[in-house]
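What follows is one structure encoded as structure tokens, with my remarks underneath.
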Amino acid sequence: MPELPEVEYARRCLHTWMHHATIEAVAVEDARILDDGTSVRAVVRALEGQRVLEVRRRGKWLRLELAGTLSRRSGGASLLFSHLGMTGKWVADAPDAPARRFEKVRLDVVKGRRRRSVRYLDPRLFGRFVIATQDLPAWTALGPDPLDDALDPVALREKLGRRSGPIKAVLLDQTVLAGVGNIQATEALFYARIDPRRSAKSIESAEVKKLLREIRASIDRTLALQEGPEIQYVEEAGATNPFTIYGREKLPCPRCKRPLQKMVLAGRGTVFCPHCQR
DNA sequence: AAGCAAGCCTGATGGC
DNA sequence: TGCCATCAGGCTTGCT
Ligand SMILES: [Zn+2]
């Protein structure tokens with residue numbers, strides 16, 4: 001379940017591998033990853049021969065800006081959007097390496113004289129791989145990014161004030177804050193000691209401040225975990241759970257030792273301590 | 001071995 | 001009527 005920290009990690013990788021690189025060859029190994037109506041041919045035509053001008057992230061979206069005389073002439077895409085869904089992953093291999101398990105797309109790139117085969121892997125099809133000529137509506141609609149943008153507690157409180165739904169559900173709305181996922185929301189609400197079921201409009205300004213701080217802290221903590229060469233997702237077999245309460249239902253609350261509870265909130269699993277979070 | 005988990009889109013419903 | 005916000009369901013499949 002990539003959330004913002006994992007996507008930020010992916011951005012750094014893609015930047016290293018592809019910034020100012022040229023895409024020499026493209027292979028779509030599983031066309032189901034493409035949007036309906038997008039053909040493999042269209043993707044290959046849009047990407048091959050292109051130079052990568054910029055790799056950006058906002059929230060959980062990645063955007064590669066491309067430029068190449070080839071596709072410019074044919075009116076091709078100049079943007080590649082990537083969303084990791086919950087199991088997506090970018091890796092780089094040697095140019096002649098065989099396809100990996102779950103490989104969906106392969107981009108063979110050259111940067112200087114270094115050649116790499118950059119692959120998008122995704123066991124499921126929750127991720128997106130989209131070529132476009134302009135920003136996607138989902139990209140444009142994103143709220144401020146907790147890592148990049150200055151977060152204004154006053155503006156956020158105003159936004160929350162118009163929402164009656166549970167605070168946790170509203171935090172997951174990417175137009176409110178870009179990149180907050182189920183884990184970061186769960187963790188930040190625990191540290192801010194706010195009950196996830198409370199109506200968003202009931203959150204006082206001091207609590208909003210605290211919440212913002214804890215969201216940033218939670219993201220920073222997760223980011224610090226990804227020092228290795230490849231992302232480890234919590235759900236991957238054998239991985240130990242690095243989080244404070246996420247995935248720890250029934251275990252003692254780290255603060256009061258009463259058992260943590262789990263419920264479904266807006267369709268998402270939610271762990272919390274009813275005693276500490278109010 | 002059936003069911004869970006994730007993010008997000010869609011479509012239905014509720015409310016003003 | 002129109003516009004939101006909210007919510008349930010579906011997508012997918014490896015893992016418990
Ligand atoms: Zn507690």
Side-chain angles (χ1 to χ4, degrees), chain A residues 1-10 29-38 57-63 81-90 100-105 120-130 132 136-143 145-146 158-188 196-203 215 218-219 222 231-243 245-251 260 262-272:
Chain A
M1 25 80 275
E3 295 196 359
L4 188 152
E6 289 88 348
V7 184
E8 170 60 17
Y9 178 85
E29 276 112 346
D30 188 344
R32 293 177 302 165
I33 196 64
L34 307 179
D35 283 6
D36 289 341
T38 304
R57 178 196 60 78
R58 282 188 66 202
K60 299 174 206 168
W61 278 97
L62 292 162
R63 187 189 73 174
F81 289 91
S82 164
H83 193 296
L84 305 181
M86 97 187 207
T87 47
K89 195 182 266 197
W90 283 95
R100 293 225 198 177
R101 197 178 178 204
F102 308 129
E103 192 172 303
K104 302 293 179 212
V105 181
Y120 178 64
L121 318 179
D122 197 347
R124 305 178 199 172
L125 300 173
F126 282 20
R128 304 269 309 274
F129 187 97
V130 187
L136 300 181
W139 171 274
T140 312
L142 289 171
D145 186 295
E158 223 166 89
K159 227 182 245 185
L160 297 183
R162 284 179 249 122
R163 306 286 294 262
S164 63
I167 178 65
K168 172 143 177 288
V170 175
L171 284 180
L172 296 176
D173 182 339
Q174 300 297 294
T175 69
V176 172
L177 285 176
V180 177
N182 199 36
I183 296 174
Q184 311 300 340
T186 298
E187 296 279 297
R197 298 167 292 186
R198 269 176 62 189
S199 170
K201 63 167 70 144
S202 80
I203 310 293
I215 287 171
S218 172
I219 288 170
T222 313
I231 313 181
Q232 278 269 324
Y233 295 146
V234 193
E235 276 159 15
E236 276 176 14
T240 47
N241 178 357
F243 301 108
I245 66 162
Y246 175 85
R248 299 194 188 277
E249 59 270 23
K250 294 181 188 152
L251 294 173
L260 292 167
K262 181 165 185 181
M263 66 175 301
V264 175
L265 197 49
R268 322 295 301 281
T270 303
V271 180
F272 68 110

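Sequence lines set the chain letters: A, B, ... in the order given, protein chains first and strands last, and positions in each chain run from 1.
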Item checked: Whole angstrom value for the distance that separates C1' of C:dA5 from NZ of A:K159 -> 15 Å
Notebook entry, point to check: If every non-hydrogen atom of A:E103 is compared with every non-hydrogen atom of A:L121, which pair is closest and at what distance?
Noted result: CA-CD2, 3.7 Å
Checklist line | A:Q174 side chain, from C-beta outward: closest of B:dC8, B:dA5, C:dA5 | finding: B:dC8
Checklist line | Stepwise side-chain contact (heavy atoms from CB on, under 4.5 Å) check, A:L142 with A:K60 | finding: CA-CA 10 Å; A:L142 289 171; A:K60 299 174 206 168; over 6 Å; no
Note to self: Distance check needed: B:dA6 C1' versus A:H83 NE2, whole Å only.
What the structure shows: 11 Å
Notebook entry, point to check: Taking the six-membered ring for Trp, are A:Y120 and A:F129 parallel (under 30°), tilted (30 to 60°) or perpendicular (over 60°)?
Noted result: tilted
Note to self: Regarding A:K201, tell me which of base, sugar-phosphate or nothing describes its non-hydrogen contacts under 4.0 Å with the strands shown.
What the structure shows: nothing
Note to self: Tell me the interatomic distance from A:R162, atom CZ, to C:dC4, atom P, rounded to whole angstroms.
What the structure shows: 12 Å
Notebook entry, point to check: Please give, in whole Å, the distance from C:dT6 C1' to A:R197 CZ?
Noted result: 18 Å
Notebook entry, point to check: Separation of A:E6 atom CD from B:dA6 atom C1', in whole Å?
Noted result: 12 Å
Next item on the list: Figure out the CZ/P separation between A:R163 and B:dC16, and round it to whole Å.
Entry: 16 Å
Notebook entry, point to check: To the nearest Å, how far apart are A:I183 CD1 and B:dC8 P?
Noted result: 12 Å
Margin query: Looking at A:S164, is its backbone amide N or carbonyl O close enough to the side chain of A:S199 to form a donor-acceptor pair, meaning the two atoms are under 3.5 Å apart?
Written below: yes
Notebook entry, point to check: Once you round it to whole Å, what is the distance between P of B:dA5 and CE of A:M263?
Noted result: 13 Å
Note to self: Taking A:K104's backbone N and O only, do any of them form a donor-acceptor pair with A:D122's side chain (distance below 3.5 Å, no angle check)?
What the structure shows: no
Margin query: Taking 4.0 Å as the cut-off, does a side-chain nitrogen or oxygen of A:Y246 come that near to OP1 or OP2 on B:dA6?
Written below: yes
Shorter than 3.5 Å, N or O on both sides, protein versus nucleotides 7-14 of chain C: list them out with atom names.
unit_1	atom_1	unit_2	atom_2	d
C:dT13	OP1	A:R32	NH1	3.4
C:dT13	OP1	A:R32	NH2	3.3
C:dT13	O2	A:R124	NE	3.3

Next item on the list: Provide the closest heavy-atom pair for A:R163 versus A:K159 in the form atom of the first, atom of the second, distance.
Entry: CG-O, 3.5 Å
Next item on the list: Ignoring hydrogens and angles, tell me if any N or O in the side chain of A:R248 forms a donor-acceptor pair with the backbone of A:F243 under 3.5 Å.
Entry: yes
